[in-house]
Amino acid sequence: MELDAGLTAWMLVSASLVLLMTPGLALFYGGMVRGKSVLNMMMMSFGAMGVVGVVYVLWGWSMSYGTQSVGGLFANPLEQFGLGGGEVFAEDGTAVIADGLPVIVDVGFQATFAIITVALISGAIADRAKFGTWMVFTALWVTLAFFPMAHMVWGGGLLSDEGPFASIAEPVDFAGGTVVHINAGMAALVLALVVGRRKGFGKEPMRPHNLPLVMLGAALLWFGWFGFNAGSAYGADGLAGLAWVNTSTAASAGILGWLITEKIRDGHATSLGAASGVVAGLVAITPAAGALSPVGAAALGLVAGAVSALAVGLKYRFGYDDSLDVVGVHLVAGLVGTVLIGFLATDGGLFYGGSVNLLVVQALIALVAMVLSGAVTLVIALALKATMGWRVSEDAEVGGIDLAVHGEGAYETIGGRVVDSRTSLPTAPAAPAPATRTTTEVK
Amino acid sequence: MELDAGLTAWMLVSASLVLLMTPGLALFYGGMVRGKSVLNMMMMSFGAMGVVGVVYVLWGWSMSYGTQSVGGLFANPLEQFGLGGGEVFAEDGTAVIADGLPVIVDVGFQATFAIITVALISGAIADRAKFGTWMVFTALWVTLAFFPMAHMVWGGGLLSDEGPFASIAEPVDFAGGTVVHINAGMAALVLALVVGRRKGFGKEPMRPHNLPLVMLGAALLWFGWFGFNAGSAYGADGLAGLAWVNTSTAASAGILGWLITEKIRDGHATSLGAASGVVAGLVAITPAAGALSPVGAAALGLVAGAVSALAVGLKYRFGYDDSLDVVGVHLVAGLVGTVLIGFLATDGGLFYGGSVNLLVVQALIALVAMVLSGAVTLVIALALKATMGWRVSEDAEVGGIDLAVHGEGAYETIGGRVVDSRTSLPTAPAAPAPATRTTTEVK
Amino acid sequence: MELDAGLTAWMLVSASLVLLMTPGLALFYGGMVRGKSVLNMMMMSFGAMGVVGVVYVLWGWSMSYGTQSVGGLFANPLEQFGLGGGEVFAEDGTAVIADGLPVIVDVGFQATFAIITVALISGAIADRAKFGTWMVFTALWVTLAFFPMAHMVWGGGLLSDEGPFASIAEPVDFAGGTVVHINAGMAALVLALVVGRRKGFGKEPMRPHNLPLVMLGAALLWFGWFGFNAGSAYGADGLAGLAWVNTSTAASAGILGWLITEKIRDGHATSLGAASGVVAGLVAITPAAGALSPVGAAALGLVAGAVSALAVGLKYRFGYDDSLDVVGVHLVAGLVGTVLIGFLATDGGLFYGGSVNLLVVQALIALVAMVLSGAVTLVIALALKATMGWRVSEDAEVGGIDLAVHGEGAYETIGGRVVDSRTSLPTAPAAPAPATRTTTEVK
Amino acid sequence: MTKLVTGIIQPHRLDDVKSALEAFGVRGMTVSEASGYGRQRGHTEVYRGAEYTVDLVPKVRIEVLVADEDAPSVTKVIVGAAQTGKIGDGKVWVVPVEDVARVRTGEHGIDAL
Amino acid sequence: MTKLVTGIIQPHRLDDVKSALEAFGVRGMTVSEASGYGRQRGHTEVYRGAEYTVDLVPKVRIEVLVADEDAPSVTKVIVGAAQTGKIGDGKVWVVPVEDVARVRTGEHGIDAL
Amino acid sequence: MTKLVTGIIQPHRLDDVKSALEAFGVRGMTVSEASGYGRQRGHTEVYRGAEYTVDLVPKVRIEVLVADEDAPSVTKVIVGAAQTGKIGDGKVWVVPVEDVARVRTGEHGIDAL
Ligand SMILES: Nc1ncnc2c1ncn2[C@@H]1O[C@H](COP(=O)(O)OP(=O)(O)O)[C@@H](O)[C@H]1O
Ligand SMILES: Nc1ncnc2c1ncn2[C@@H]1O[C@H](COP(=O)(O)OP(=O)(O)O)[C@@H](O)[C@H]1O
Ligand SMILES: Nc1ncnc2c1ncn2[C@@H]1O[C@H](COP(=O)(O)OP(=O)(O)O)[C@@H](O)[C@H]1O
C-alpha cells in the first residue's frame, strides 16, 4: 500500500504529543500533592514510562492488535513479540504500510496511550504507595487490563463494531473513553480502596503545594490531547480537524463549567478548578471527538466540568481516599462523555433524531468496561497487597515519602537539607585546591 | 477541492502550537508577578481560554471570516453562527475543503489567535483586577475589537489588500502585527489607564517572583510562535520555511538586542531581559515573517530587542502602570515590525529599492489599528468601570489577590497555610481508621 | 524538484521540536544547580540560542553544508554567507527544493542542532563562569568545532560515507552521536579541566535545588528528541517511524537501566536518576535510531542508563568538576551508542551476523571526533582563559552568580530581597495617587 | 510582667499544639519554620554518584507571650500536645520579657497580649 | 548591657519600619519570615470539594539589638511605623541580653552593635 | 539554669560552625533562615527599566541552649568558626533562660538539653 506522507507526518506528531502527556500528568499530579511527596508522585508517571514503554514493544502491541484474537478478549502476545511476525516489519526489514501509514508509526502512537493510562491511576494512591509495588503493578495492569481493553474496543474484539453489541448500534469510542478513562478511573477507585486512606485524610488539608505546576501540567495535557483525539482520526483531514476543534472547545467549556459550579457553591473560582475543568472537558470529549458538532462539544464540556466539580466531593462522603480525584474526573467525565454520545452524536444521537439504540450500546460498553477493569484491578491489587504490600511505613508517610523512598527532597531548603557536607566520595583525593579556592577559610 | 494532507497536517500542528502559547503566556506573566498574585495572573489567561474558546465557535469565526461583510468592518455573526451555514461543514456533515485545507482546521487555527490576543492584554492590569470583570471583558473585547480587526486585515476588510489603502501598496501583515500585537498592546495601554495604578507602583519593587517560570513561558511562546508565523503561510512549503527561519532568527537576535542594551545601560544582562528579548523579537517578526530575508529578520529582531528594552521604562516616565509591559513589548515591537517592513521587505522595501509607498501604507494600517483598538477598548473599559468596577479592594490587593479572589495561594508554605485542618466535609463519616492509622496520636 | 508537503510538514515540526530542546535543557540544568545560580545556568542556554541562532544563518549553514569543502574539514563560510549564493533561495527569491524539501526548512532544522550542542556543554561549568566569556565561547566553539564536525559527518566530509573510513564500512551516525554528543561531551571535559573546580566541590552537597524542574526539562528533551531523531530520517515514512519508536523505547529503557543500577548500589531509585536515565537512553540511541530494531533499542537504552549511572561518579575519582555530568551522560552514552552500533545494527552489526568492520569504523569515528573536539576546545578555552578569563570572583561564586553577574535572584523571598523600595526611577513624577491609594499610610 | 515561651516541635504536631493552646486560653502566637539538629539524625541523600548526609530535620517554632504565672502551664500544654515519645520531639524554653506592646493600639504590658 | 527588641509586623509595613529605625539611628537588624495566629483570622480555602480554614497569617519578624536605654524608644519607633490600626498589626517585645559579640571582630558589648 | 546563645552568621559558614559546636560538645541546636541588614550592603537589581536596591542579605540563625557556665565558651566557638573577617559576619548574643523542657520526656532544666 502506498505511503501517505501527510498522514504519516501527522501521526508522528500525534504520537509525540501523546507521549508528552505523561510528563504533563506528572506535573499536574506533582503540583497537587504536598511538598514532601511530589517526587514520588512524579516518579509514578516516569516509572510507568519506563516499564510500559519497554513492555509495549515486547508484547503490548501483539496483545492489542495482533491478528490472533483469543475470544475477542485479547490477542496472542507471542505472535508479534518484539514487533516480529512480519506485520510491522517485512522480512527485509522495511516497514509495512497499512492504510497509508507505516504500522511502526501506529505502534509508537498506541504505546503512548498505554503509558498515560497506567500513569493516570497513580493519582488515586498519592503519598503512600511503595514504589516497587507500583512498578510491578504497572507491568501487570497494562498487560491484564489495558492491552485486553484496547483489543476489545479498537482491535476488533468484544466491544468493537465487530463485537456482539454492534447489532444494537455501532459503539462509539473515538479516542479512548472506555479504554483509557473509564478503565483508569475504575482501577483508581479499586486501588484507592485496597491501598487505604492516607493518614489524616479528611482532617488535614493536604492542599496542592504548587498550583502553577498544576496549571502547567493541565496545559501540557491539553496540548498533548490534540494528538490523542485528532490523531485518533488516523487522517490529516476534515475528521481530524473536527476532532481538534471539538477537543479544544470542550476543554474551554470544561473550564467554564467547573468555575461556574464552584463559584456558585463555594464563592471562589479557583485555579485548581480551572485546571481540573480543562481535564474534565478533555476526558469527556475523548470518546466523542469525531461524533459531535462543535456546539455539541461545548455543551458536553460544560456538563462534564460541572458534574466533575460536584463529583470530586464524593470521596469524602463515601470515605475512599482517591487522593487526586482520578475517579471524580476520569471515571465520571469518561462516563459522561461515553453516555452523552447517545444524545449528542450528530449521527444517531437522540437529540439529532436518532433512536435510543446508540444510547443503550454506549451505556452497555461503559458498564462492561467498568466491570472488567474493576475485577482485573481488584485481583492484581489484592495479590500485590498479600505479597509485596502497598503501603510505606507510617513514619515514611508522615515524614515524607520523597525522602524515605527516593532519598531526595524536591526542593533545596537553605538551612534545611543542603547543609551538611560529609560527602563520602568513593576515592575523592585530597583535591588540590585550584587557584581560586584559597580564601574564606580564614581563622 | 482536493485535500492536501501535508498542509492539513501542518495546520493541525500549527493550531496546537498556537494554543499552547496562551498557557505559555500564563507562565511568562505568572512568573513575573509577585508570589501573592500568580494564580490570578494565570487565571486571566485560562479564563480567556474558557470564554474565547467557546465564543469563537459560536460567533467568532462568522464575524471574522463570514461572507457577509458589514462595510468591511466585520462580518455577520449570525451567518455561520455555531459554524453552521454550510461554509465550514457541508449539508451532509462532511468538512468543506478550501485551498486544500478543511475549513474546520482553519477555524481551530484562527480561534487560537483570538485566545492569545485577549490573554496578552491581561499583563497590563496584573495584581488588581476583579476576575468577573475580566471574564466579561474578554467576551466583549474579543467580539468588538478582535473579530472586527481580524476581518479588516485578514478577512478581506478595510485594512486588507482589498481595502482602500491597497491602492497605495498592498499592506503586509503576515501573521498578526496589527491584529494581534498592536491591537492587544493598545488595549493594554488603555486598560492600564482606566484601571489605574497598583498600590505602591514606582515605589515598591514588585519584582518577578519566579524567573525560571518566566523563562519557561518565553520558551513555550517561542515554540508556539512557529505555528503562529510559519502556520500563517498556509502551506507546508518554502514560504513556511522562510517564516520559520525568520521567526527563530528574530527571536535569537531579540535576545542579543535586549541583553546588549541593558548590559550597556545597567551593567547586567538579566534573564528577564533574555526572556523579554525573545518576545520582542518574535512580536516584531510576526507581521514580517514572510517578507524579509533571514538577515533582515536578524536585523529586525536586534532593533526590536533594543527598542523594547528602552521602551519598558516609559511607563515610569508617564506614570501609567502597564504592569508587565504589554505596551513596551507588544505595542512597541509590533509597531517596529509593522513599520520596518517598509524598509526591510525584500519585495518593495526601501532598502531593497522599493518606493516609499509600502512604508506609508504600513504606517497607515498601524495607525488605524491603534486608533480603532484604543477607541473600542476605551468604551468597553469605561462601561465596565461604571458597572461592575475594575478594582478589588485595597486590602485584597495588599494582602494578595490570589487568596482574596480565588481562595488559594500558589505555593504551600509549611507553618503557613497548610496548617489548620478543620476541614468541614459534607457528611464525612467518623472515618473508621484503616490499619495504618493507629499510632502517633500518642498522649 | 517537487515539493513533498508531508515531508515538509514533518521537518517544520521537527525543527520546532529540536528548538524546544534547548529551553528544555535550560530547565534540566537549571533545576540541578543550587538556587543561587539557576538563572546563570539557564542564561547559558538562552545566550547560546541568541548567539548561535544568528551565527547559523550568517555563516553556519555555509560552513556545514556549503558546496566548497576545504579538505573535507569544513566548507567555505562565505559561499552561502547569510544564506545567499543561490543554493537556499533562487535568484527570484523563491525557495530551492531538494529531495522534496525546501532547503530553507533544512537550514532551520540544522540550526537547532547547533544551538543545543553548544548549550549542552554549559553544564560542565555551572555556577562559576563569566557570562561574557561564555557568550564569546559559544560563537567560537560553534564555528571552530561544531560546523566542521557537522560538515565532516553529515556534509560529505572526512567522517561521512564519502570519507576515507567508508572503505572499511559505512560509518553510521543517524542523528548526531558524534557531531552532537561526543563533540559536546568532550568539550565539556576539557572545559571543566580548564575552568577548574567549584569552591567546595567534593565537600559541599551542591544538590539540585528544584527536581520537578529537572524532570520537566527531561520531559521536554524527550519530546524534542523525536524531532531530533525521527526528523533526521528526512522523511515522513517508515524510517522516521522506526527512529521514533527506537527513540522512545531507548528512553524508557534508560530509565530502567539507571534506576535499577542506583537501587542496587545506593538503595534508592531517585527522580534525578529517572531524569538522567531518560537522557542517557536518548543520547545513546541518537546515532543508532535508524539502524536498530526496537528490541535492540531497548537493550541499548538499558545499557546506556546503567553505564552512565556508574560513569557520573568518575569525576570524583579523577577530580574534575564536570558539574552536571555532561561527560558522564553525553560523552559516555554517546560513545556507548556509537560503538554498540557495531554489535546491534540489524544491517552489519556483529549480533546480526555482520563482520567486525562496522564496529571498527564506529570506534574510529568516535575516536577521531573525541580528538578533534578535545583539541579545538582546548585551544579556544585556553585562549579565553588568557584573555577574558573564565572565573567570576570567589565572592560572586559563594554569594551566588545570579546576583553577582545578572543582578537578579531566581525567586522572590519575602523578608529577603523584595523588601527595599528605593526604586530610583528616571523621572518618576510624584505620582498622583489614584482613588484606591489613600489608606494604610496611617500614622 | 510577661514571659516568652518558645517551643521547637515536630511539624506534624503543630495542629494539635495550636488546639491545645487555644483550649488553654492562649489567644495569639507566632509560628515559623526551623531546622533541628539533635539526637534525631537526618538522612542520607545520593546525588549522582556522591553521597552525603543531611543532619538537619524540619521543625516548627512556636512562640507565645504569656503572663508570668501562665508560663509553667503553657510549657506543660505544649509539651503535652507535641509529645510522640520519639526522639526529635523538640524543646520548650522560657525567657523573661521586660516589655510587650500591641502595635495596633500601642498598649503595653499584660493588656498587650 | 543591651536588649533585644523583637517585633512581629505586617509584611507590607517592613519597609517603613526599616526606614524609621534607620532614621532613629539603628544601624543593623535581622529580619525573618513568620506566621501569626491571633485575633486577625486567616481565611478559608476550598480544595476540590473539601473546605478548610487556614488561621495563620504571613508576618515578618524584626530583631534589633539595642543599648539598654534605647529599648523603649526603639519599641515606640517600631510600633509607630508598623501601625495601620487594623487587627493583626502585631506585637513588639523586649528581652534582656547578657552578652553580644560581633563575629567579624570578636568585640563584645555595646561596641558590638 | 541555662542560657540561649543565638548567632546570626553567613550561610556558608554554617557547616563549620556546626562542626565546631559539635567538637565542643554541644549535642543539639536549632537553625533557621533569616535576612540581615547592617553595614554589609545588599545589592541593586534592575527590573525592566526600574532600578531598586535590596538591602537585606541572606543569613542563617543558630540557636543553642547551654548550661550557664558554657555560654561564654559557646559564644566564642561560634564567633571563631563563623569569622571570615569581612563585613557582614554577623552577631552572637546570649539571653537568660528560666526553664527548659524536653518534649519527648517532659524532663526539665539542665537534663533537658
Ligand atoms: N541544645 C539545644 N539548643 C537548641 N535547640 C535544641 C537543642 N537540643 C535540641 N534542640 C532542638 O530540639 C530538637 C529535638 O532534639 P533531639 O535531640 O533530636 O531529640 P530529643 O530532645 O527528643 O532527644 C532538635 O531537632 C533541635 O531543634
Ligand atoms: N500571645 C502572643 N504571643 C506571640 N505572638 C502573638 C501573641 N498574640 C499575638 N501575636 C502575634 O501578633 C500578631 C497580631 O495579633 P492579633 O491578635 O491578630 O492582632 P492585634 O494584636 O492587632 O489584636 C499575630 O498574628 C501573632 O503573630
Ligand atoms: N543591631 C542589630 N540587631 C540585630 N541584628 C544585627 C544588628 N546589627 C547587625 N545585625 C546582624 O548582623 C549582621 C552583620 O552585621 P553587619 O553590620 O553587616 O556586619 P558587621 O557586624 O560585621 O559589621 C547583619 O546582617 C544583621 O543580621
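All values derive from a computational prediction rather than experimental measurement. In what follows, chains carry the letters A, B, and so on, assigned in the order in which the sequence lines appear, proteins first and then strands, with residues in each chain numbered from 1.
Taking chain C as the reference chain and counting heavy-atom pairs below 4.5 Å, the highest number among B/Ala230, B/Pro208, B/Gly238 is found for B/Gly238. Here B/Ala236 is the residue among B/Ser14, B/Gly31, B/Ala236, B/Gly254 with the most heavy-atom pairs under 4.5 Å with chain C. Contact tally against chain B (heavy-atom pairs below 4.5 Å) for C/Gly24, C/Gly132, C/Gly407: the top residue is C/Gly407. Options B/Gly35, B/Pro212, B/Gly277 differ in how many heavy-atom pairs under 4.5 Å they form with chain C, and the most are formed by B/Pro212. Interface check for chain B: of the options C/Leu7, C/Leu12, C/Val54, C/Asn40, the most heavy-atom pairs under 4.5 Å are formed by C/Leu12. Comparing C/Ala26, C/Gly93, C/Gly82, C/Ala15 by heavy-atom pairs within less than 4.5 Å of chain B, the highest count is held by C/Ala15. Your options are B/Val278, B/Asn210, B/Thr346, B/Leu302, and the one with the most heavy-atom pairs under 4.5 Å with chain C is B/Asn210. Top candidate by heavy-atom pairs under 4.5 Å with chain B, chosen from C/Val88, C/Leu216, C/Val57, C/Leu20, is C/Leu20. Ranked by heavy-atom pairs shorter than 4.5 Å toward chain B, the options C/Ala95, C/Gly50, C/Gly30, C/Gly217 are led by C/Gly50.
Of the two parts of B/Asp237, the backbone and the side chain both hold a non-hydrogen atom closer than 4.5 Å to a non-hydrogen atom of chain C. Only the side chain of C/Leu58 comes within contact range of chain B, with at least one heavy atom under 4.5 Å from a heavy atom of that chain. The part of C/Phe131 that comes within reach of chain B is its side chain, from C-beta onward, which places non-hydrogen atoms under 4.5 angstrom from that chain. Heavy atoms of B/Ala5 lying under 4.5 Å from chain C are absent altogether. Neither the backbone nor the side chain of C/Thr94 comes within contact range of chain B; no heavy atoms are under 4.5 Å apart. At a 4.5 Å heavy-atom cutoff, the contact between C/Ala9 and chain B is made by backbone and side-chain atoms alike.
The CE atom of C/Met135 sits 8.0 Å away from atom CD1 of B/Ile255, with the distance rounded to the nearest 0.5 Å. Annotation: the span from C/Leu19 atom CG to B/Thr247 atom OG1 amounts to 10.0 Å, rounded to 0.5 Å. Atom OH of C/Tyr411 is separated from atom CG of B/Leu213 by 8.0 Å, given to the nearest 0.5 angstrom. With rounding to the nearest 0.5 angstrom, the CZ atom of B/Phe223 is 4.5 Å from the CZ atom of C/Phe223. Within the model, atoms OH of C/Tyr56 and OG of B/Ser248 stand 12.0 Å from one another, a figure rounded to the nearest 0.5 Å. One finds the OG atom of B/Ser293 at 7.5 Å from the CZ atom of C/Phe89 (value rounded to the nearest 0.5 Å).
Taking each heavy atom of C/Leu83 and B/Pro294 in turn, the nearest pair found is CD1-CG, 3.5 Å. The minimum heavy-atom distance between B/Arg207 and C/Gly409, with the atom names listed, is NH2-O, 2.5 Å.
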- Task: Take C/Glu408 and B/Ser271 through the test side-chain contact (heavy atoms from CB on, under 4.5 Å) and record every step on the way to the result.
- Result: CA-CA 8 Å; C/Glu408 305 167 295; B/Ser271 67; 3.0 Å; yes
Intermediate values then yes/no, side-chain contact (heavy atoms from CB on, under 4.5 Å), C/Met43 and B/Leu259: CA-CA 11 Å; C/Met43 281 295 275; B/Leu259 291 187; 3.9 Å; yes
**Criterion side-chain contact (heavy atoms from CB on, under 4.5 Å) on B/Trp10 and C/Thr8, from CA distance to verdict** = CA-CA 9 Å; B/Trp10 173 234; C/Thr8 304; over 6 Å; no
The test is side-chain contact (heavy atoms from CB on, under 4.5 Å); show your working for B/His268 and C/Leu403 and say whether it passes. CA-CA 10 Å; B/His268 292 295; C/Leu403 276 178; over 6 Å; no
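Although no hydrogens or angles enter the test, the distance criterion places a donor-acceptor pair under 3.5 Å between the side chain of B/Ser252 and the main chain of C/Met49. Proximity of a side-chain donor or acceptor of C/His406 to a complementary backbone N or O of B/Ala269 within less than 3.5 Å is detected.
Of the candidates C/Val38, C/Leu27, C/Leu39, B/Met215 forms a side-chain contact (heavy atoms from CB on, under 4.5 Å) with just one, namely C/Leu39.
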